[in-house]
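Note on naming: letters A, B, ... go to the chains in the order of the sequence lines (proteins, then strands), and numbering restarts at 1 for each one.
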Number of protein chains: 2
Amino acid sequence: MTVPANRAAHDRIFRILRSEIMQGEIAPGCALTIRGIAERFGVSMTPAREAVRRLGAEGALTPNKAGRVTVPQLSGRRIEELAAIRALLEPELAGRARPRAHMALIKRLAQINATCEQANVQNDAAGYVRANLEFHHTLYLRAQAPAILALVETVWLQLGPTMCASYARLQGAGATAHHRKAIAALKTGDEAVLKEAIRADVTRDLHGLDGHRAGF
Amino acid sequence: MTVPANRAAHDRIFRILRSEIMQGEIAPGCALTIRGIAERFGVSMTPAREAVRRLGAEGALTPNKAGRVTVPQLSGRRIEELAAIRALLEPELAGRARPRAHMALIKRLAQINATCEQANVQNDAAGYVRANLEFHHTLYLRAQAPAILALVETVWLQLGPTMCASYARLQGAGATAHHRKAIAALKTGDEAVLKEAIRADVTRDLHGLDGHRAGF
DNA sequence: GCCCTGGTAATGTGATCACGAACCGGGCAT
DNA sequence: ATGCCCGGTTCGTGATCACATTACCAGGGC
């Protein structure tokens, strides 16, 4: 019973919840209960608690007043910070991926960007966020920099719910133009242009978010 | 019994272990057992397990083959990555702290740097690492950027054991010169010089580490 | 009508137990 | 002598139970 399918139950629950949070499937401010998670996955409280604990350590969940945990409602200041982190780390990842990027990867990125545009046309917020993350993730995997990528992913995890919830205000604003610019820079091998395209893409994503919740 | 001192037992254990790991008091490669931790702190397995889980989520502990956890032995490549992260994020924090740095803070930093030099003279590895971290932490606290600071601290957490273990090879190499340069830049308010001093300090710390363990 | 107070339900915390897997040792067969 | 098997020990995993704390709501007093 300890290892039913492939890995431990707490790890399975952690991965599922993490993916759901990163893709914005759980609204900000939504409170999660350990007993509720345990019941949903058909397990006891123990593995559910450990999954919640790990998510809390990554900043995906914030402790409430009474030990409860919720998907955090990010303040404008915090969003700006997270955007600054993305603007610093992601161009670095792109720069490291560039020398290793072959044609197959570039074609794959173009495909993902097409999915991205399609979701954008269909006003599919979750689909857009998912495809956008896949685009960046696919590129950064080539950087062979797991430590940096892990850090960036924790930032995505914190931004995911808010980005998805605020999708409306950034939709249609040339969402995929920066992606195309990055793909073009990959083809020509121009690292400076690539880094700038990624930086612009990242800050554009966040400009729509930053400020509109400045009060809290 | 639920709240012995001030907070939950698992949180207390987490904080103590995290501090010990960050300051290099636990050697890399050292394996920790949940039962051992529970026995050491006089609690049951449950809170010990949660503390280990949180530390694992922050990268302070890595899972072994059989689910056991150890303080990670960083590869040369990973050290280079973590150094790159520090070189990107810490100048940003210093730049944000500069406009808010008053004379009291600068004096405090000078005091901490004196402690740093003293530990360096006495070949006190743990003391040097601790004072060095306190120097950076004190400066970055003024940046009012908790999200970035939290990320940088997880990097310190991962680097702590290796930095402390490899202290010998970087001792005496003008360890505190960059600190003095940063303090001078704070006095004159020159942001570019401050950022460069921090960047040089961070990369200097890691140059001694990078490469000597490149094999693993 | 409003606020305070008491009780009940819900939830987190932690201990204990049972189970399974991995590691380590000695003993036996070849 | 060496390789293999088999037993015990150690440890992580997960379930269950007991307890403290907190939130929520209803009822009564001012």
(message) Before you tell me yes or no, could you show the steps for B:Glu90 and B:Arg199 under salt bridge (Lys or Arg N to Asp or Glu O under 4.0 Å), namely the whole-Å CA-CA distance, both residues' side-chain angles and the distance that decides it to 0.1 Å?
(response) CA-CA 7 Å; B:Glu90 298 200 24; B:Arg199 203 197 58 78; over 6 Å; no

(message) Please list, in numerical order, the residues of residues 50-60 of chain B that have a heavy atom closer than 4.0 Å to any atom of DNA chain D.
(response) B:Arg53

(message) From CZ of B:Phe41 over to C1' of C:dG14, roughly how many Å is that when rounded to an integer?
(response) 16 Å

(request) Let me know the distance between CD1 of B:Ile13 and P of C:dT13, rounded to the nearest Å. (result) 13 Å

(request) Ignoring the backbone of B:Ala8, work out which of D:dG14, C:dG14, D:dT13 is nearest its side chain. (result) C:dG14

(request) Check the pair A:Glu58 / A:Thr154 against side-chain hydrogen bond (donor to acceptor under 3.5 Å, both in side chains), numbers first and verdict last. (result) CA-CA 6 Å; A:Glu58 287 201 30; A:Thr154 72; 5.6 Å; no

(message) With a 4.5 Å cut-off on side-chain heavy atoms, are A:Leu105 and A:Leu109 touching?
(response) yes

(message) Can you work out whether A:Asp11 or A:Arg35 has the more 5'-proximal nearest nucleotide on DNA chain D?
(response) A:Asp11

(message) Output the rounded distance in Å from CE (A:Met45) to C1' (C:dG12).
(response) 6 Å

(request) Please collect all side-chain hydrogen bond (donor to acceptor under 3.5 Å, both in side chains) contacts where either partner lies in residues 96-108 of chain B, sequence neighbours excluded, each pair once. (result) A:Glu80-B:Arg96, B:Glu92-B:Arg96, B:Arg98-B:Glu191

(request) Name the residue closer to the 5' end of DNA chain C, choosing between B:Val43 and A:Leu32 according to the nucleotide with the nearest heavy atom. (result) A:Leu32

(message) From CD of B:Glu39 over to P of D:dT10, roughly how many Å is that when rounded to an integer?
(response) 11 Å

(request) Find which nucleotide of DNA chain C each of B:Arg49 and A:Ile34 is nearest to by heavy atoms, and output the residue with the more 5' nucleotide. (result) A:Ile34

(message) Suppose we screen for ring-ring contact (aromatic ring centres under 6.0 Å, His included). Which residues come up paired with B:Phe14, at least two apart in sequence or across chains?
(response) none

(message) Does C:dA15 have its OP1 or OP2 closer than 4.0 Å to a side-chain nitrogen or oxygen of B:Ser44?
(response) yes

(request) Using a 4.5 Å cut-off on heavy atoms from C-beta on, say whether the side chain of A:Val155 contacts that of B:Leu151. (result) yes

(request) Under the salt bridge (Lys or Arg N to Asp or Glu O under 4.0 Å) rule, what do A:Glu25 and A:Arg130 come out as? Steps first, then yes or no, please. (result) CA-CA 10 Å; A:Glu25 297 177 17; A:Arg130 178 164 38 238; 3.7 Å; yes

(request) Quick one: label A:Thr33 by what it contacts on the DNA or RNA (base, sugar-phosphate, nothing), any heavy atom closer than 4.0 Å. (result) sugar-phosphate

(request) Taking only the side-chain heavy atoms of A:Thr46 (C-beta and beyond), determine which of D:dG12, C:dG14, D:dA15 contains the nearest atom. (result) D:dA15

(message) Classify A:Arg68 by what it touches in the nucleic acid, base, sugar-phosphate, or nothing, heavy-atom distance under 4.0 Å.
(response) sugar-phosphate

(request) Take the protein atom CG of A:Asn64 and the nucleotide atom P of D:dC24, then report the distance between them rounded to whole Å. (result) 10 Å

